[in-house]
Amino acid sequence: MERTYISELKTNIGKTVRVRGRVDTIRDQGKIVFMVLRDISGKVQTVSWSGGNIEVFNIVKALIPESVVDITGLVKEAKQVASGYEIEIQEIKIDSVSKTPLPIVIEQPYSKNISNLDKRLDYRWVDLRSQRNSLMMMVGTEILNRFREYFIDNHFVEIQGPRIISAASESGASVFEVKYFDRKAYLAQSPQFHKQMGIAADLDRVFNIGPVFRAEKSFTTRHLTEYTSLDIEMGYIDSFKDVCRFEQEAIKYVLKGIKEKYGDAIKTVFGVEVKVPEGDFPYISVKEAKEKLSKEGIPSKDTGDFSPEEERAISDIMEKETGCEFVFIHDYPHKRRAFYHMKDSNNPEFALGFDLFWKGLEITTGAQREHRLEHLIESAKERAIPEESLKEYFEYFEYGCPPHGGFALGTERFLMKLLDFGSVLETTYLPNTPNRLGKLINVKKTK
RNA sequence: GGGGUGGUAGCUCAACUGGUUAGAGCUUUGCACUGUCACUGCAAAGGUUGCGGGUUCGAGUCCCGUCCACCCCGCCA
């Protein structure tokens, strides 16, 4: 018999079905046992009596929670049950027995003692069984699906830049060195140069969704050493604002889709209302932002960038002023941005780039790129970046390159903000951080 | 990398100024229960107090070192 998902049972009342999944809870009443079965689509109560199939009854009575079972039974109406129906088990097969007790608590809506995050990550495959986490994974899937859909509908071509590269790319951010046969190589910190190659290759608009690596010892709720970057680059723009507008529309499209598909579930499980922004996201210059912060008495140590406190405050201020959770910040000093950002010809101190903040967190950096080789070389010189390390990159501009710009969005950060999680470690399937490689904790000791 | 807080049972935590046998809730195990649904009731099990050293008659508690986690900062997406 074919398997029926638990979510489909309500249309199968009166029928015999096969359901497969995990033993969620057992309520043994002596001569009647209720067992709640769980699969990816939901939960259902099953019932068996001592007066019914005694063989089945004995197996159910002895089940260990979190074991995997294969059940055939009759779906019947049951007024006593909240859902209105239950399954009377006719056959049961145990596919896999769970050890007990579990090493962590699987989070329930009523959970009081939720295990610590690091312990949960050690047993991530158990942790992800919770409704909260499986919904988080499904929403994450839909986010990438919608972005990809939007890009393809807007003439984008998908590329997969190499993750192992020969020269440490772009800024001073530390890179992971790897052994590549008999030479040194590096893990890509960003697909930036290869996106731009796509523009020089006349692919016109390209996107790249994939892992990037940062060898930074950052212990925060928003940094990972490996994360999934959503990168785009678009040709023939007139201004970085074309890039902003594109990103804004893409985000609206994504959030609209999420709201339609998961809005109710997100509201129930996370208590978060998915808001689809209307109209344009506000733009504000660094200078204006600093003035607003100063009025609110928020201290500033740096005129060219924002501290996390300032990021949160400026988001709050702008949301109150405009009702929008998003805000674009522009007119950053060029010397504080990547060398490939184009300079503002009216004021070369400024870069034609932007950051996008969402609910107090930077989720994107973008810019119009410098496509004129002489200017690009000059910018690299200003940063004292050895020309030799950029030789290959510079060549992309030698045979003509359209004006272009793009952005990178941190997908884990996006999901974190959407569902109001406290850390990107929670919105990553298996987060890598300076002290954690998958389940392998305490990396230093194994050196 | 800098600053702060912490590490005690499978999980979440308590243990006063250093003082008898380190406690509780949940989980687990056993028994009872034919309509439970965060089942209930009774009973039991469960500990090298992160690791290494020191002070003391005596250390979960104080000191030094070390590892790890969490929060804040730096770096960024």
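Because the structure is predicted, anything quoted here is derived from the model rather than measured. Here is the naming used below: chain letters follow the sequence lines, and residue numbers restart at 1 for every chain.
- For A69(B), the OP1/OP2 oxygens have a side-chain nitrogen or oxygen of Asn435(A) closer than 4.0 Å.
- Among the heavy atoms of the strands lying under 4.0 Å from Pro308(A) are primed sugar atoms or P, OP1, OP2 only; no base atom is included.
- Counting non-hydrogen atoms under 4.0 angstrom, Glu309(A) reaches the backbone sugars and phosphates but no base.
- Judged by the 6.0 Å distance and 45° axis criteria, Lys241(A) is positioned over the aromatic ring of Tyr283(A).
- Of the candidates A38(B), G74(B), A77(B), the closest approach to any side-chain atom of Tyr110(A) belongs to A38(B).
- A cation-pi contact links Arg337(A) to Tyr332(A), judged by a cut-off of 6.0 Å to the six-membered ring centre and 45° from its axis.
- Distance check on atom C1': G47(B) versus G60(B) gives 11 Å, rounded to whole Å.
- Where Glu86(A) and Asp28(A) meet RNA chain B, the nucleotide closest to each residue was compared, and Glu86(A) sits on the side nearer the 5' end.
- Of all nucleotides listed (C76(B), C70(B), U12(B)), U12(B) comes nearest to the side chain of Ser115(A).
- Pair assignment for A59(B): none, as no Watson-Crick or G-U wobble contacts are both less than 3.5 Å.
- Using cut-offs of 30° and 60° on the angle between ring planes, the pair Phe207(A) and Phe151(A) is tilted.
- Taking atom CD1 of residue Ile106(A) and atom C1' of nucleotide G10(B), one finds them 13 Å apart after rounding to whole Å.
- If you measure from atom CG of Asp355(A) to atom C1' of C76(B), you get 9 Å, rounded to the nearest angstrom.
- Rounded to the nearest Å, the gap between the C1' atom of A45(B) and that of U20(B) is 24 Å.
- Looking at Thr72(A) and Val17(A), their side chains never come closer than 4.5 Å, going by heavy atoms from C-beta outward.
- Distances were taken from every side-chain heavy atom of Ser50(A) (C-beta onward) to each of U34(B), A77(B), G35(B); the shortest belongs to U34(B).
- Looking only at atom types and distance, the side chain of Glu362(A) has a donor-acceptor partner in the side chain of Thr365(A) under 3.5 Å away.
- Counting any heavy atom pair closer than 4.0 Å across all strands shown, Glu311(A) reaches a base atom.
- Between Lys417(A) and A77(B), a side-chain N or O to OP1/OP2 separation shorter than 4.0 Å is absent.
- Ring geometry, Phe354(A) versus Phe240(A): the interplanar angle falls under 30°, so the pair is classed parallel (tilted spans 30 to 60°).
- If you check every strand for non-hydrogen atoms under 4.0 Å, Leu102(A) touches sugar and phosphate atoms only.
- The listed nucleotides are U29(B), G35(B), C73(B); the one nearest the side chain of Trp49(A) is G35(B).
- Arg312(A) comes within 4.0 angstrom of the backbone, heavy atoms only, and of no base.
- Across all strands shown, Ile114(A) has heavy atoms under 4.0 Å from sugar-phosphate atoms exclusively, and none from any base.
- Base-pair partner of U29(B): A43(B) (Watson-Crick or G-U wobble, both distances under 3.5 Å).
- Among the nucleotides C70(B), C13(B), G74(B), the one closest to any side-chain atom of Asn116(A) is C13(B).
- At the heavy-atom level, Thr220(A) lies under 4.0 Å from base atoms of the strands shown.
- Comparing Glu412(A) and Thr25(A), the nucleotide of RNA chain B nearest to each residue sits closer to the 5' end for Thr25(A).
- If you measure from atom CG of Leu361(A) to atom P of C75(B), you get 15 Å, rounded to the nearest angstrom.
- Figure legend. U34(B) is base-paired to no nucleotide; pairs are counted as Watson-Crick or G-U wobble with both atom distances under 3.5 Å.
- At a cut-off of 3.5 angstrom, the base of C39(B) holds at least one donor-acceptor pair with the side chain of Gln29(A).
- Atom CZ in Phe357(A) sits roughly 11 Å away from atom C1' in C76(B) (whole-Å rounding).
- Across all strands shown, C16(B) forms no Watson-Crick or G-U wobble pair with both key distances under 3.5 Å.
- Counting any heavy atom pair closer than 4.0 Å across all strands shown, Thr411(A) reaches no nucleic acid atom.
- One can place CG of Asn113(A) at 11 Å from C1' of G10(B), the figure rounded to the nearest angstrom.
- Contact annotation for Val33(A): no contact, since no heavy-atom pair falls under 4.0 Å across all strands.
- In this pair, Phe326(A) and Trp358(A) present their aromatic rings parallel. The plane angle is below 30°, not in the 30 to 60° band.
- Side-chain nitrogen and oxygen atoms of Lys31(A) include none within less than 4.0 Å of the OP1 or OP2 phosphate oxygen of C33(B).
- Of the candidate nucleotides C70(B), A77(B), U28(B), U28(B) has the atom lying nearest to any side-chain atom of Pro101(A).
- Ser229(A) contributes atom OG, which lies 7.5 Å from atom CG of Asn208(A) (distance to the nearest 0.5 angstrom).
- The side chain of Thr221(A) lies closest to C72(B), out of C72(B), C11(B), U34(B).
- Considering only the side chain of Phe34(A), G35(B) comes nearest among C71(B), U12(B), G35(B).
- Taking only side-chain nitrogens and oxygens, Ser218(A) never comes nearer than 4.0 Å to OP1 or OP2 of C76(B).
- Note: CZ (Arg120(A)) to P (C70(B)) measures 11 Å, nearest angstrom.
- The aromatic ring of Tyr227(A) stacks onto the base of A77(B), its centre lying under 5.5 Å from the centre of the six-membered base ring with the two planes under 30° apart.
- Using Watson-Crick or G-U wobble geometry with both donor-acceptor distances under 3.5 Å, U8(B) finds no partner in any strand shown.
- Nucleic acid contact for Phe219(A): base, since at least one base atom lies under 4.0 Å from a heavy atom of the residue.
- Remark: C1' of U28(B) and NZ of Lys99(A) are 13 Å apart, rounded to the nearest angstrom.
- You won't find any donor-acceptor pair under 3.5 Å spanning the side chain of Arg27(A) and the base of C33(B), going by distance alone.
- The CD1 atom of Ile26(A) sits 13 Å away from the C1' atom of U36(B) (whole-angstrom rounding).
- Ring-plane geometry between Phe246(A) and Phe407(A) is classed as tilted, the angle between the planes lying from 30 to 60 degrees on a 0 to 90 degree scale.
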